[in-house]
Amino acid sequence: MMKKVSLLAMTAILAAVFTGCTTVESTQKFNRMGLGTPNEKAVCQTFVEIPGYFFFGLPIVVGSTKGDGTWTMFRNNLTAENAVYLLTKEAKARRAARVVNVHVSSTDAFVFFGISRRTIQASGTGVRTKGAALDNAAREYDSQP
């Protein structure tokens, strides 16, 4: 009986570790749809999810603010500030000047016996002005050998 309980506990811990990673996904494919305004061009649509597993409210395994596929133990990183930080960091890496249509949400779910799963998500569209997009293209063209 004790071996079964130990095996079950170890399985739960491994499952939490492998599903407690931060996710940062971004796309730049819009099927020629204009997602910007007349003066701005959409350069990326980004989604961030930071999950966490808690035991009676104490953090066990939580996604990290270091980026995609990372996690931490015993540290609560589930804040809107951290989700928006990762969102804007990714948009900046995709050469967006700012992020519009930002949406942040959180969910709570009871798993079993004092263990709960909390998740915070953020999404937004990275944009830059059409003039900045043209300037950037000209700089890239000039820098080619």
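Val104 and Ala122 make their closest contact through CG2-CB, 4.0 Å (heavy atoms, listed as atom of the first residue, atom of the second, distance). In this structure, Leu86 and Thr65 approach most closely via the heavy-atom pair CD2-O, 3.3 Å. Considering all non-hydrogen atoms of both residues, Ala42 and Thr125 come closest at CB-CG2, 3.8 Å. Of all non-hydrogen atoms in Ala91 and Cys44, the two that sit nearest each other are CA-SG, 3.9 Å.
Glu49 meets the salt bridge (charged side-chain N to carboxylate O under 4.0 Å, His left out) test with no other residue; sequence neighbours excluded. In this structure, the side-chain hydrogen bond (donor to acceptor under 3.5 Å, both in side chains) partners of Thr46, at least two apart in sequence or on a different chain, are Ser26. With sequence neighbours excluded, the residues satisfying side-chain contact (heavy atoms from CB on, under 4.5 Å) with Thr107 are Thr119. Applying the side-chain contact (heavy atoms from CB on, under 4.5 Å) criterion to Thr72, with sequence neighbours excluded, gives Val62, Ser64, Arg75, Asn77. Partners of Thr88 under the side-chain contact (heavy atoms from CB on, under 4.5 Å) rule, at least two apart in sequence or in another chain, are Val84, Val99. The side-chain contact (heavy atoms from CB on, under 4.5 Å) test applied to Ser106 returns Ile120, not counting sequence neighbours. The side-chain hydrogen bond (donor to acceptor under 3.5 Å, both in side chains) check on Thr79 picks up Asn82, with sequence neighbours excluded.
No side-chain heavy atom of Arg128 sits less than 4.5 Å from a side-chain heavy atom of Arg98. Residues Asp68 and Thr22 are not in side-chain contact: their nearest non-hydrogen atoms beyond the backbone lie 4.5 Å or more apart. Taking the side chain as every heavy atom from C-beta outward, Val111 and Phe55 never approach each other to under 4.5 Å. Under the 4.5 Å side-chain criterion, counting only non-hydrogen atoms from C-beta, Pro51 is not in contact with Arg118. Residues Phe54 and Asn76 have side chains in contact (heavy-atom distance under 4.5 Å, counting atoms from C-beta outward). Taking the side chain as every heavy atom from C-beta outward, Val43 and Val127 never approach each other to under 4.5 Å.
Surrounding CZ of Phe113 are at most 12 heavy atoms belonging to other residues, nucleotides or ligands under 6.0 Å away. No more than 12 heavy atoms of other residues, nucleotides or ligands sit less than 6.0 Å from atom OH of Tyr85.
Met73 and Leu78 are not part of a single hydrophobic cluster, where members link through side-chain heavy atoms under 4.5 Å apart. Grouping the Ile, Leu, Val, Met, Phe, Trp and Tyr side chains by contacts below 4.5 angstrom, directly or via other members, places Trp71 with Ile60. Under the 4.5 Å side-chain contact rule for hydrophobic residues, Val61 and Phe74 share a cluster. At a threshold of 4.5 Å between side-chain heavy atoms, the hydrophobic network of Ile, Leu, Val, Met, Phe, Trp and Tyr places Val102 and Phe47 in two separate groups. Leu58 and Phe110 are members of different hydrophobic clusters when ILVMFWY side chains are connected at heavy-atom separations under 4.5 Å.
Side chain of Gln45 to main chain of Gly124: a donor-acceptor pair is present (N/O by atom type, distance under 3.5 Å, no hydrogens or angles).
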Open item on the list: Apply side chain to side chain contact (heavy atoms under 4.5 Å, CB included) to residues Thr129 and Asn39 and explain how you reach the verdict.
Closed with: CA-CA 6 Å; Thr129 63; Asn39 297 322; 5.9 Å; no
